[in-house]
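The figures that follow rest on heavy atoms only: side chains count, while hydrogens, waters and symmetry mates do not. A quick note: this is a predicted structure, and the numbers were derived from the prediction, not measured.
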Amino acid sequence: MEEVLHDFPWLMRALHTALTGRETVCEGGERNERMRALVLPVFGNEGQCLGACARLSASEPVKPASAQHETLEQELTRTQQQYEELVNTLDGIVWEADVGFRFTFVSKQAERLLGHPPQQWLQEPDFWRNHVHPEDREWAQAYCMKATRERRPYEFEYRMLATDGRSVWLRALVTVLAEKGRPLRLRGIMVDVTEQRQARETLEQVASMLRATFDSITDGVLVVDRNQRITAFNKRFLQIWDIPDELLQGEVDPQKVLAAAVAQLKNPELVRARVYALYAAPEQEDVDTVELLNGRILERTSLPQRLGNTIIGRIWSFRDVTEERRAKAEQERLLAAEQTAREQLEESFALLDTFLNNAPIGMGFLNRDLRFIRTNDALALLHGRTREEEVGRTLREMTPYAAATIEPLMRRVIETGEPVIGLDLELEVPATPGKLRYFRVSYYPVRTKSGRIVGLGAVVVELTAERRAQAERERLLREAHEAIQIRDDFLSIASHELKTPLTPLKLHLRMLEQRCTSDQPIPPHLVRKSLAQVDRLSGVISDMLDSSQIEAGRLELEHEPLSLQQLLRETLADFRPNCLHHPLEYEECAEELVVLGDRARLAQVLTNLLENALKYSPQKGPIRVTLTRSGADALVSVSDSGIGIPADQHEHLFERFFRARNAPISGFGGMGLGLYICRHIVERHGGHIWAESETGHGATFRFTLPVRT
């Protein structure tokens, strides 16, 4: 081409442009023999650019440009500069390429995000493929080619390599521009989502750790929501109940799972009725035992699952206590035999002492006066004494902390002959004063052969470690659900707020493009509307970044002496053009108030309060700003006559993502971050912020700042 067309540089430039996938029109030659060429790219069946074709024809002689033509060219140049400035201010890489991903335009953000200058993107034919992360290269290219052939817009995330060796995660939003059903070129934006990906990976690691912990506990756990749908279970649950795997794959049918479990019980109808009774009383807690057909005994605990103050389901835990119950039954049998033998044979005391002293649980015997006649080391240690010191002493002498609770139970056992079995108590014991410990106690009457009750036996099993482990499991599960809910809320709100300004912005830019293509004048209001949407998008992103920095403890402030009067005047002056339909009143303190603070951040607080007042005020509703002194503090107030805020929602106003329930979503956008950011800025300055409002009677937001003396 260069050998043949070396005398036609204007045609060569047009052919180079067509080889990038863009059609063009060019003109050149001598003044009296000028030629005009229409140059088109030639595409293959797969959408790749194969070459270019040019059609030449004679052109009319060039006429001197008119003054109007020069004015239009200047206006076009100015509009193009504004367009480039707009594109380069977006926090993302705006680009255009042919269907083979050879770039024809790249915004300046490319160098800021990845370090590669735009010229490198344009000059290297395989720049994109060569700089995609090796692990993403093949699938990303295949995905783009498939979506391009289908001529549909697409969005995906992948990694690119920066000049400093970093792997940067990008979210690409791509539009396929087609003509007559054939893709011609690609246009899109790449946004840096590295921090979001890292946060997501961290959350996945935490969830994996919680799942491993959940599966490692010795109790079988089943979690069911309010609609009786199974939401979680661990491996131990499957082992205990021997549930078939096919019942827990895909969409789980809770009725089939319940039927499979109930079929293994000795008293299925009784258990089924108890289960339904617990679902009918969501707040009720329940502990019970169930016996299986194969002789195994399960201790079942059922607790409501809470999210804050809301019950969202029920947690069932099962422990196989077959051996424990058998051992306990055997211990009771031995205890009764030893007590009977003690009255007949002296040797039985040695056997009884041996049994008591080697038992892992606290055990003791008291006479009718509640004096210890036998005890073991485990029980004596709870009382802070030895076995020898316990014998002959009363219960009140040994356990002054618990006597008021335990003595009535023991006397009832002696008087009625009815045992107290498996009673859970929360007590202080002499061994650890001031510290609550958890026990499961049982008291049994001791009878002679004639049936006379001569005392009672006490069995004490400590459950402190078990209860703490259970509380820890519940806390971890609750925190996991809260983290998932925060993530879902954030993604839902952020996607809505980011998408809202993009739709009108895209429409306005298309209108500008059409007018530029047809040489029509550009109405200023289209540019202003586009810039307004960009400002809105920028504000959303700024709020998200500020919120992220606050959560991470990295919000930086610069403290310098500044006049609060001057700051308010400047902020109000900047705000007045946005407040043309609302009277803006300002009253300031006569005394000069100087505070130590960050000028930009304090202006951000005041601007946010003014924007809220403007947003929620009726047409021509006044907005009033006052500055006074209150003791050692400066007091700033912003009042409006808008819709007001319900009283029961005042305490939540400054929480992240909170929006008052009476704010219509269609007319009042926002992520619920503005007041949250304001609170942190004011508190970081040593001040306090609050709101005073009634529904339908407007709202007043006030904040204080310490005055510098």
S.K.: Within the structure provided, determine whether Leu602 and Leu705 are in side-chain contact (heavy-atom separation under 4.5 Å).
M.R.: yes
S.K.: So which heavy atom on Asn608 is nearest to which on Gly674, and how close?
M.R.: ND2-CA, 3.3 Å
S.K.: With distance as the sole test, does Ser107 use its side chain to make a donor-acceptor pair with the main-chain N or O of Val94 at under 3.5 Å?
M.R.: yes
S.K.: To the nearest 0.5 Å, what is the distance between CZ (Arg684) and CG (Leu557)?
M.R.: 4.5 Å
S.K.: Of all heavy-atom pairs between Leu596 and Pro561, which one has the smallest distance, and what is that distance?
M.R.: CD1-N, 3.5 Å
S.K.: Using every non-hydrogen atom in the two residues, find where Arg152 and Tyr154 come nearest and quote the distance to one decimal.
M.R.: O-CD2, 3.3 Å
S.K.: Looking at Asp640 and Ala699, would you say the former's side chain and the latter's main chain have a donor-acceptor pair under 3.5 Å?
M.R.: yes
S.K.: Evaluate the criterion side chain to side chain donor-acceptor pair (under 3.5 Å) for residue pair Ser637 and Arg702; output intermediate values, then yes/no.
M.R.: CA-CA 4 Å; Ser637 302; Arg702 308 182 193 275; 2.7 Å; yes
S.K.: Do Val193 and Glu157 have side-chain heavy atoms sitting under 4.5 Å apart?
M.R.: yes
S.K.: I'd like to know if the side chain of Thr464 and the backbone of Tyr438 have a donor-acceptor N/O pair within less than 3.5 Å.
M.R.: yes
S.K.: With ring pair (Phe, Tyr, Trp, His ring centres under 6.0 Å) as the test, pick out the partner of Trp95 among Phe105, Phe103, Phe127.
M.R.: Phe103
S.K.: What I'd like to find out is whether the side chain of Glu474 reaches to under 4.5 Å of the side chain of Leu476, using heavy atoms alone.
M.R.: no
S.K.: I want to check something: taking the side chain as every heavy atom from C-beta on, are Glu611 and Phe575 in contact at a cut-off of under 4.5 Å?
M.R.: yes
S.K.: Would you say that Ile645 contacts Leu653 through its side chain, given a criterion of any heavy-atom pair below 4.5 Å between the two side chains?
M.R.: yes
S.K.: If you count the non-hydrogen atoms of other residues, nucleotides and ligands that lie under 6.0 Å from CD in Glu556, is the total more than 12?
M.R.: no
S.K.: Working to the nearest 0.5 Å, report the span between CG of Leu614 and CG of Leu584.
M.R.: 9.5 Å
S.K.: Between Val132 and Arg159, is there a side-chain heavy-atom distance shorter than 4.5 Å?
M.R.: no
S.K.: Would you confirm whether His581, through its side chain, and Lys620, through its main-chain N or O, come within 3.5 Å as a donor-acceptor pair?
M.R.: no
S.K.: Are more than 12 heavy atoms from other residues, nucleotides or ligands located less than 6.0 Å from atom CD of Glu283?
M.R.: no
S.K.: How many angstroms lie between atom OG1 of Thr194 and atom CZ of Arg171, to the nearest 0.5 angstrom?
M.R.: 11.0 Å
S.K.: I need the Glu560 CD to Arg708 CZ distance, nearest 0.5 Å.
M.R.: 10.5 Å
S.K.: Distance from Leu635 atom CG to Cys589 atom SG, nearest 0.5 Å?
M.R.: 10.5 Å
S.K.: Show your reasoning for whether salt bridge (charged side-chain N to carboxylate O under 4.0 Å, His left out) applies to Arg437 and Glu428.
M.R.: CA-CA 6 Å; Arg437 295 168 69 172; Glu428 291 182 31; over 6 Å; no
S.K.: Using a distance-only test with no angle check, is there a side-chain donor-acceptor pair under 3.5 angstrom linking Gln109 and Arg112?
M.R.: yes
S.K.: Ser693 vs Thr700, test: side chain to side chain contact (heavy atoms under 4.5 Å, CB included). Steps then yes/no.
M.R.: CA-CA 6 Å; Ser693 176; Thr700 299; over 6 Å; no
S.K.: Taking the inter-plane angle between the rings of His680 and Tyr676 on a 0 to 90° scale, is it parallel (under 30°), tilted (30 to 60°) or perpendicular (over 60°)?
M.R.: perpendicular
S.K.: Determine, step by step, whether Met160 and His133 satisfy the side chain to side chain contact (heavy atoms under 4.5 Å, CB included) criterion, reporting the C-alpha distance in whole Å, the side-chain angles of both residues, the deciding distance to 0.1 Å, and the verdict.
M.R.: CA-CA 5 Å; Met160 287 191 70; His133 194 281; over 6 Å; no
S.K.: Would you say Asn227's side chain and Arg229's backbone share a donor-acceptor pair under 3.5 angstrom?
M.R.: no
S.K.: Is the backbone of Gly631 close enough, under 3.5 Å, to the side chain of Arg629 for a donor and an acceptor to pair up by distance?
M.R.: yes
S.K.: Do you know the tightest heavy-atom contact between Val638 and Ala613?
M.R.: CG1-CB, 4.2 Å
S.K.: Is it true that, when you exclude His559 itself, more than 12 heavy atoms of the residues, nucleotides or ligands shown sit nearer than 6.0 Å to its NE2?
M.R.: yes
S.K.: A quick test of your reading: do over 12 heavy atoms of other residues, nucleotides or ligands sit less than 6.0 Å from CD of Glu558?
M.R.: no
S.K.: Just checking, any donor-acceptor pair under 3.5 angstrom between side chains of Glu588 and Thr626?
M.R.: no
S.K.: Does the side chain of Thr104 come under 3.5 Å of the side chain of Arg185 through a donor N or O and an acceptor N or O?
M.R.: no
S.K.: For Pro304 and Pro282, which heavy atoms make the closest approach, and how far apart are they?
M.R.: CB-O, 3.2 Å
S.K.: Which pair of non-hydrogen atoms, one from Trp169 and one from Arg197, has the smallest distance, and what is that distance?
M.R.: CH2-NH2, 3.0 Å
S.K.: Take atom CD of Glu694 as the centre, draw a 6.0 Å sphere, and report whether it contains more than 12 heavy atoms from other residues, nucleotides or ligands.
M.R.: no
S.K.: Do we see a donor-acceptor contact under 3.5 Å between the side chains of Thr175 and Arg187?
M.R.: no
S.K.: Hey, does Asp598 have a side-chain heavy atom less than 4.5 Å from the side chain of His685?
M.R.: yes
S.K.: Can you see whether Trp121 engages Gln119 through a side-chain donor-acceptor pair at a distance of less than 3.5 angstrom?
M.R.: no
S.K.: Test side chain to side chain contact (heavy atoms under 4.5 Å, CB included) on Val605 and Val682; report intermediate values, then the result.
M.R.: CA-CA 8 Å; Val605 172; Val682 170; 4.0 Å; yes
S.K.: With no hydrogens and no angle check, is any side-chain donor or acceptor of Gln565 less than 3.5 Å from a backbone partner on Glu591?
M.R.: yes
S.K.: Once you round to the nearest 0.5 Å, how far does OG of Ser617 lie from CD1 of Ile643?
M.R.: 9.5 Å
S.K.: Verify, without hydrogens or angle tests, whether His650 (side chain) and Asp648 (backbone) share a donor-acceptor contact under 3.5 angstrom.
M.R.: no
S.K.: Cut-off 3.5 Å, side chains only: do Glu570 and Gln566 have a donor facing an acceptor?
M.R.: yes
S.K.: Hey, does the side chain of Asp136 reach the backbone of Ala140 with a donor-acceptor pair shorter than 3.5 angstrom?
M.R.: no
S.K.: For the pair Arg679 and Glu683, find out whether any cationic side-chain nitrogen is under 4.0 Å from an anionic carboxylate oxygen.
M.R.: yes
S.K.: Is it true that a side-chain atom of Thr704 and a backbone atom of Ala634 form a donor plus acceptor pair closer than 3.5 Å?
M.R.: no
S.K.: Would a 4.5 Å heavy-atom cut-off, applied to side chains only, mark Arg314 and Gln305 as touching?
M.R.: no
S.K.: I'd like to know whether the aromatic ring centres of Tyr158 and Phe156 sit less than 6.0 Å apart in this structure.
M.R.: yes
S.K.: Could you check Leu610, Leu675, Asn612 and say which one makes a side chain to side chain contact (heavy atoms under 4.5 Å, CB included) with Phe701?
M.R.: Leu675
S.K.: Show your reasoning for whether side chain to side chain contact (heavy atoms under 4.5 Å, CB included) applies to Thr571 and Thr607.
M.R.: CA-CA 7 Å; Thr571 305; Thr607 300; 3.5 Å; yes
